[in-house]
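Since the structure comes first, as structure tokens, the remarks are kept for the end.
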Amino acid sequence: MAKLRSNTKLKPVKKADLQVVKPVKTTKYSDINLNEWKNYDHIKTDTLWEFPARLKEGGHSNEYHGNYIPQIAQQLYERFTKRNDIVLDMFFGSGTSGIEAINMNRRCIGVELKEDLAESVSEKFTPKQLVTDVNIICADSTTELAKEKIKARLDIMGEEKAQLLILHPPYDDIIKFSDKKEDLSNCATTEEFYDLFERVAKNGYDLLEKGRFAALIIGDKYANSQLIPLGFECMRRMNNVGFITKSIIVKDMQGNERAKGKTANLWRYRALAGGFYIFKHEYVMLFQKV
Ligand SMILES: C[S@@+](CC[C@H](N)C(=O)[O-])C[C@H]1O[C@@H](n2cnc3c(N)ncnc32)[C@H](O)[C@@H]1O
């Protein structure tokens, strides 16, 4: 070991010269470093979410009527998942949850009822990604069979349970997604829609790791001159299967809606004449399995 020469003068170290390296502090369900919490300005912690426009980069397109905007997945993944975690989406649609999982180094299992859609969405991923990162299952999410298929995929991916549940169901019959009787957009009554939704919620609950979160993305509807609060009843059904409610976020729909121009004027007229307000929001409701 080198010896200090006797005439070497050591400068006293001032406290201010010491660079304090704080340890990384995270929660059990996210990689956000709480010791650096001021560096996460992009993460929303308020209950009003406004996004100026739908994100189109990063493999996303807007070809599927009824898809959700990728910024929702980005917010949810960063707050409620760790790197490599598995997101389970029981209404996969055009695969927004899967694309964002790849972009953010997460994995995803998506269940979609429509065979043609499940097949075409697969083309958005590479063959390798379809083995290791994104598993797409064509099934009816209300069933025991879907649950068994998800379990088998979890097993292949080396996990027993998923770490985040995403539920973006049809908003009852507002958009008809197919002619299939199992399709939640084809229910004979809204009560039947709630019952089928609850079955999906129960499957999701059983397949989610304890302590982890579920997000329900949903809007309300009008029928027979009255408001039908789909969101609140679905929230109650989430509670029925065991979830506790953590937050109700109101998400601005500007830039997400398709109808503009003449239809917008027609709706404005109808609103003025019928004594109601035009929907400009939907909900992102957060739940936890405790
Ligand atoms: C609101 S969309 C989801 C869109 C998706 N989040 C996206 O960004 O593309 C609802 C989807 O649920 C599917 N669906 C309806 N009933 C289903 C069921 N019983 N099981 C699985 N998927 C179902 C529909 O075909 C539709 O693609």
Side-chain angles (χ1 to χ4, degrees), residues 44 46-57 60-75 89 91-97 99 112-114 116-117 120-121 166-197 200 215-237 247-285:
K44 294 182 182 294
D46 297 335
T47 56
L48 180 62
W49 285 11
E50 290 170 287
F51 298 104
R54 167 185 289 274
L55 195 82
K56 292 206 178 79
E57 309 85 56
H60 296 286
S61 55
N62 190 14
E63 88 289 351
Y64 195 54
H65 189 26
N67 59 4
Y68 73 67
I69 64 167
Q71 290 98 319
I72 293 180
Q74 288 176 348
Q75 289 290 326
D89 184 334
F91 301 98
F92 198 53
S94 61
T96 312
S97 300
I99 295 167
E112 171 55 49
L113 182 69
K114 294 192 280 180
D116 53 337
L117 184 59
S120 63
V121 168
I166 303 261
L167 298 174
H168 183 210
Y171 302 173
D172 197 5
D173 56 357
I174 291 184
I175 299 175
K176 194 173 152 71
F177 286 99
S178 72
D179 292 326
K180 291 178 178 289
K181 64 174 183 2
E182 302 88 351
D183 188 328
L184 266 72
S185 67
N186 271 335
C187 294
T189 63
T190 301
E191 208 48 39
E192 189 196 340
F193 164 78
Y194 293 139
D195 291 345
L196 293 187
F197 171 77
V200 181
L216 165 65
I217 299 130
I218 192 154
D220 299 323
K221 73 166 206 173
Y222 285 114
N224 303 324
S225 306
Q226 60 177 317
L227 178 89
I228 313 290
L230 300 176
F232 293 138
E233 180 58 21
C234 286
M235 175 178 81
R236 208 178 64 77
R237 301 299 181 110
S247 280
I248 299 177
I249 293 154
V250 173
K251 190 204 136 272
D252 173 21
M253 272 205 299
Q254 307 282 353
N256 197 19
E257 79 278 53
R258 291 196 162 194
K260 288 237 170 85
K262 274 186 191 163
T263 345
N265 283 336
L266 178 64
W267 275 108
R268 183 159 164 75
Y269 175 80
R270 283 183 183 158
L272 287 168
F276 64 85
Y277 289 85
I278 301 160
F279 291 122
K280 285 287 169 191
H281 72 277
E282 54 197 342
Y283 302 105
V284 180
M285 295 178 169

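None of these values were measured; they are calculated from a predicted model.
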Considering all heavy atoms of both residues, which atom of [X] and which atom of [Y] are nearest to each other, and what is their separation?
X	Y	answer
Ser97	Asp89	OG-OD2, 2.6 Å
Asn67	Ser94	CB-OG, 3.6 Å
Ala73	Tyr68	CB-OH, 3.6 Å

Rounded to the nearest 0.5 Å, how far apart are [atom1] of [X] and [atom2] of [Y]?
X	Y	atom1	atom2	answer
Ile72	Ile249	CD1	CD1	9.0 Å
Asp172	Leu230	CG	CG	5.5 Å
Gln71	Gln74	CD	CD	6.0 Å
Leu113	Phe177	CG	CZ	11.0 Å
Glu50	Lys44	CD	NZ	7.5 Å
Ile228	Tyr222	CD1	OH	10.5 Å

Neighbour count >12 (heavy atoms, 6.0 Å) for atom CG, Asp116: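 Counting neighbours around CG of Asp116, more than 12 heavy atoms of other residues, nucleotides or ligands fall under 6.0 Å, so yes.
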Heavy atoms from other residues, nucleotides or ligands near CZ of Arg268 exceed 12 (cutoff 6.0 Å):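 Not more than 12 within 6.0 Å, no.
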Lys181 side chain to Asn186 side chain, donor-acceptor N/O pair below 3.5 angstrom: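 Side-chain D/A pair, Lys181 to Asn186: absent.
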Non-hydrogen side-chain atoms of [X] and [Y] separated by less than 4.5 Å:
X	Y	answer
Tyr171	Lys221	no
Ile218	Phe232	no
Gln75	Val284	no
Leu216	Pro169	yes
Leu167	Phe197	yes
Asp220	Tyr283	yes
Phe276	Ser225	no
Ile248	Thr47	no

Phe91 vs Ile217, side-chain contact (heavy atoms from CB on, under 4.5 Å): CA-CA, chis, key distance, verdict: CA-CA 11 Å; Phe91 301 98; Ile217 299 130; over 6 Å; no
N-O pairing of Lys114 and Asp183 below 4.0 Å: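 Judged by the 4.0 Å cut-off on N to carboxylate O distance, Lys114 and Asp183 do not form a salt bridge.
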Flag, side chain of Glu282 to backbone of Lys251, donor-acceptor distance under 3.5 Å: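 Checked: no pair found.
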